[in-house]
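All chains are named by letter (A, B, ...) in the order of the sequence lines, taking the proteins before the strands, and each is independently numbered beginning at 1. Heavy atoms only: backbone and side chains are in, while hydrogens, waters and symmetry mates are out.
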Amino acid sequence: MDYLDGLNESQRKAVEATEGPVMVIAGAGSGKTRVLTYRIAHLINKGVDPFNILSLTFTNKAAQEMKERIGKIVGFSEARNIWMGTFHSVFARILRSEAEKIGYPSNFTIYDTQDAKNLIKAILKEEGLDEKVYKPGLVLNRISAAKNNLLSSTAYNNNTTIQSEDRQSAKPKIGEVYKKYESRCFKSGAMDFDDLLFKTNILLRDFPDVLNKYQHRFKYILVDEYQDTNFSQYTIVKKLGAVLENVCVVGDDAQSIYGFRGADIQNILNFKNDYPDVQTYKLEQNYRSTQNIVEAANCVIKNNKDQIEKNVFTSNTEGKAIKIHRAATDNEEGKMVANLIFETQLQQQAKAKDFAILYRTNAQSRAMEEALRRKNIPYKIYGGLSFYQRKEIKDLISYFRLIINPNDEEALKRVINYPARGIGKTTLDKITIAANNYQKSMWQIITNLHRVNIGINNGAILKINDFVSMLQSFAAQITSKNAYDLANEVATTSGVLKDLYADRTPEGISRYENIQELLNGLKEFTETENEEEEDVTPRGLPEFLQDVALLTNADNEKEEDKNKVTLMTIHSAKGLEFPYVHIVGLEENLFPSQLSLTSRVDLEEERRLFYVAITRAEKELHLSFSTSRYKWGNLMFCEPSRFIEEIDEKYVEYTFTKGSRAENPVKPKNSYNSGYPSTKNDYSKPKNYSSQKKNKPPQPEHTTPKNLTKIGASTDDVSANTLNLSEGMMVNHQKFGNGVIETLENGKATINFQNIGNKQLLLKFAKLTIVK
DNA sequence: GTATTATCTAAGTCT
DNA sequence: TAGATAATAC
């Protein structure tokens, strides 16, 4: 089999060891995907039915790409039958066909984080709990962690450790919220992300026949990125593989970066305890990166304690030194990176798609975007708000969701009064209370208003009835119309299109366009008539909706986005590679994150994150930091990240003089290498300013004038206003027109406007101009 | 009941 | 600074 010839010794062994438990420890860039691909292809060539292979990947995109690669070896008609996808999407699919067993409808809704948070908020309100104490995000995290450890709300409430934890954090009612949350989701026929795994576990635990069925269906199980599985996922794999034990896990403990999501690095460290006769293979040769990059990554990771011993090496060329850049502000950093990319593009004939800018937090993308835009460098951003999470899209999709599952409470609440149809807060509150009283869903209440009097006045009842019959008429068309036609009908009849069209502001126009884009997507979906599947069922709305909630931006990359600079968080860069990589924002409290500094475990995860970031690079790696940065609206000083220092100096090159403070960081050519300072961490930052304090720092001495005005602009304007104004002055306000200042004290002014009389304004917000 | 305006608070990573 | 929510005006 000639496809095996392209593999090295250990890769080949890992591919050929098809029977029994196998663990592949794959260093970064060591051809892990290759092994997985060939292993599956090899199984199929050996006669294994693709339907009997379950391959769990970390993203849907990875699954898609792998399928394509396997298809090229064994043929696409075979490859498409493999069960392949993320844990979430594969088990969502299985849950749909088995849902009734656990009391769910097969058309259950998948709640995304937004939906889940909204539900938590509603529950907090009903329970009279203070949102400031019980922060919805935090409560949800707690519930999520519980589910990932397979704790139901009952188990949560009976667990003394957890209860005392919650009491100690002054949030003893989280357990009750969890209980309500659980039952509300159930009543709504909804599962959140964690439920997809949690309920799968319930299914496999309580229904031995189902477990048995899947144990024999999935004769071969492969799990990619095994180091990032949580207990819930681990248990699923363990159970499914318990009979045949053909479980192959691939991963790298050094790249475990999802601890916050419950991922347990012990799963991979302890794999051999679970399967004593495991065959272990280590892939240690890196084919991706230059020697400098590989060695730098090794330097960094050796600072961590817990790890499986391995020696990642490469026979690639030494490559260029890793460049370290300093900037004065976050915007400067953006400019600098944009300039570097621009220059490299010219000098090395590189394409835009060869570059990636990686950051720790999504908020950092803004400065990068702006700089790239100014230089006309095409870019694309992953993460942040996905298309499907935009308000207008979610609104329309909520209609779709309701058509398919009318009990979906979060969808109902979103659209029952959007566009405005006179069903206000009071009415909604009454419905909610009734739903809770009768233990029914909101939909069940509003479709039975003629039977129970819950104190809604007749006018409102009429409006509700209109809404209900509109939805019912949509639902009636579900089989007769294809997804696009029905969606169009919904968008028009519901008034969503009209409402968005009426808004002619630029944002409004873009919202309208987004809806159009969604409809276009649906059209395409409808027209690609299941060409791959044998059965030619027309694709309706239910099929489209099935796992929209699980889609991310990466999953629907457009053709025109192919040749663009990639901007993403390091987390989402996992598994990817780029010739030129810029890691930005290497500052203490940002990377490593401030929240990680108190525990060794968290700090080690940050370090692994840095390791992941470094090892994305093939040819060139640039690290940059800024000496000041906006945070929560304040300019703060930053210290360079400790991670920079962890790389041996022989692999790096500073593009500025560490001791001075006057370098222009944009021009690396003649400024690097000139004299390292003897003291560590001396990056010319004034020592008396701690980045913890929210002091307003002095202006950087040698930044460009342009930048200076930009930093100071907003604050200066305000203070100018405050300083120059005095009582009796005539000022102009954008909306209120001209008026005379009557009083003026601590940032507040009472102004007598000619048209509307007295008004109190905060000078911080009011954009006043002096008339005389 | 709805639309506009003022005020508050938040930015850690993802399915 | 922005988005979410509370307060206020209509």
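The side chain to side chain contact (heavy atoms under 4.5 Å, CB included) search around Asn304(A) returns Ile301(A), Gln307(A), Glu604(A), Arg607(A), Arg608(A), not counting sequence neighbours. By the ring-ring contact (aromatic ring centres under 6.0 Å, His included) test, Phe643(A) is found to be paired with Phe591(A), Phe610(A), residues two or more places apart in sequence or in another chain being considered. By the side chain to side chain donor-acceptor pair (under 3.5 Å) test, Asn417(A) pairs with no residue at all, sequence neighbours left out. Residues satisfying the side chain to side chain contact (heavy atoms under 4.5 Å, CB included) test with Leu138(A), not counting sequence neighbours, are Lys135(A), Lys171(A). Partners of Tyr226(A) under the ring-ring contact (aromatic ring centres under 6.0 Å, His included) rule, at least two apart in sequence or in another chain, are Phe271(A). By the ring-ring contact (aromatic ring centres under 6.0 Å, His included) test, Phe260(A) pairs with Tyr258(A), His571(A), sequence neighbours left out. With sequence neighbours left out, the salt bridge (charged side-chain N to carboxylate O under 4.0 Å, His left out) criterion links Lys430(A) to no other residue.
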Distance-only donor-acceptor pairs under 3.5 Å for side chains of residues 115-130 of chain A, two or more places apart:
unit_1, atom_1, unit_2, atom_2, d
Asp115(A), OD1, Lys394(A), NZ, 2.8
Asp115(A), OD2, Asp112(A), N, 3.1
Asp115(A), OD2, Lys394(A), NZ, 3.2
Asp115(A), OD2, Arg401(A), NH1, 3.1
Asn118(A), ND2, Gln114(A), O, 3.4
Glu126(A), OE1, Arg184(A), NH1, 2.9
Glu126(A), OE1, Asn436(A), ND2, 2.9
Glu126(A), OE2, Arg184(A), NH2, 3.0
Glu127(A), OE2, Lys180(A), NZ, 3.0
Asp130(A), OD1, Lys132(A), N, 2.9

Distance-only check: which donor-acceptor pairs under 3.5 Å involve side-chain atoms of residues 189-197 of chain A, not counting sequence neighbours?
unit_1, atom_1, unit_2, atom_2, d
Asp192(A), OD1, Lys147(A), NZ, 3.4
Asp192(A), OD1, Asp194(A), N, 3.1
Asp192(A), OD1, Asp195(A), N, 2.8
Asp192(A), OD2, Lys147(A), NZ, 2.8
Asp192(A), OD2, Tyr181(A), OH, 2.8
Asp194(A), OD2, Ser144(A), OG, 2.9
Asp195(A), OD1, Lys147(A), NZ, 3.1
Asp195(A), OD2, Lys147(A), NZ, 3.4
Asp195(A), OD2, Asp192(A), N, 3.1

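Annotation: cation-pi geometry satisfied between Lys391(A) and Tyr418(A) (NZ/CZ under 6.0 angstrom from ring centroid, within 45° of ring axis). Because its NZ or CZ atom is not both nearer than 6.0 Å to the ring centre of Phe467(A) and within 45° of the ring axis, Arg421(A) does not count as a cation-pi partner of that residue.
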Could you list all N or O pairs between the protein and nucleotides 3-7 of chain C that sit under 3.5 Å apart?
unit_1, atom_1, unit_2, atom_2, d
dT5(C), OP1, Lys121(A), NZ, 2.8

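Considering only the side chain of Leu550(A), dT15(B) comes nearest among dT2(B), dT15(B), dA11(B). Comparing atom distances between the Asn362(A) side chain and each of dC14(B), dA11(B), dA10(B) picks out dC14(B) as nearest. Closest approach to the Arg360(A) side chain among dT9(B), dT2(B), dT13(B) is made by dT13(B) (side chain taken as heavy atoms from C-beta onward).
The CE-P distance, from Met636(A) to dT1(C), rounds to 17 Å in whole Å. Rounding to whole angstrom units, CZ of residue Arg629(A) and C1' of dA11(B) are separated by 12 Å. Distance, Tyr111(A) OH to dT15(B) C1': 17 Å, rounded to whole Å. Rounded to a whole Å, the CZ atom of Phe58(A) is 11 Å from the C1' atom of dT13(B). The distance between atom CD of Gln364(A) and atom P of dT13(B), rounded to the nearest whole Å, is 9 Å.
Here, dA4(C) and dT13(B) have their C1' atoms 23 Å apart, quoted to the whole Å. Rounded to whole Å, the separation between the C1' atoms of dG12(B) and dT5(C) comes to 23 Å. dA11(B) sits 22 Å from dA6(C) when the C1' atoms are compared, rounded to a whole Å.
Within residues 250-261 of chain A, the residues approached by DNA chain B to less than 4.0 Å at the level of any non-hydrogen atom are Tyr258(A), Phe260(A), Arg261(A), in residue-number order. A heavy atom lying under 4.0 Å from DNA chain B marks the following residues of residues 567-575 of chain A, by number: Thr569(A), His571(A), Ser572(A).
Within the 4.0 Å cut-off from OP1 or OP2 of dG1(B), at least one side-chain nitrogen or oxygen of Thr427(A) is found. Side-chain N/O atoms of Asn148(A) include none lying less than 4.0 angstrom from OP1 or OP2 on dT15(B).
Between the side chain of Glu605(A) and the base of dG12(B), no donor-acceptor pair of N or O atoms lies under 3.5 Å.
Backbone-only engagement by Lys135(A) is indicated by non-hydrogen atom pairs under 4.0 Å involving sugar-phosphate atoms exclusively. Within 4.0 Å (heavy atoms only), Thr426(A) reaches sugar-phosphate atoms of the nucleic acid but no base atom. Nucleic acid contact for Asn417(A): sugar-phosphate only, since backbone atoms but no base atoms lie under 4.0 Å from a heavy atom of the residue. Within 4.0 Å (heavy atoms only), Gln233(A) reaches no atom of the nucleic acid at all.
Screening Val581(A), Val584(A), Val612(A) for a side chain to side chain contact (heavy atoms under 4.5 Å, CB included) involving Leu358(A) leaves a single residue, Val581(A).
Distance alone, capped at 3.5 Å, is enough to place a donor-acceptor pair between the Arg616(A) side chain and the Leu576(A) backbone.
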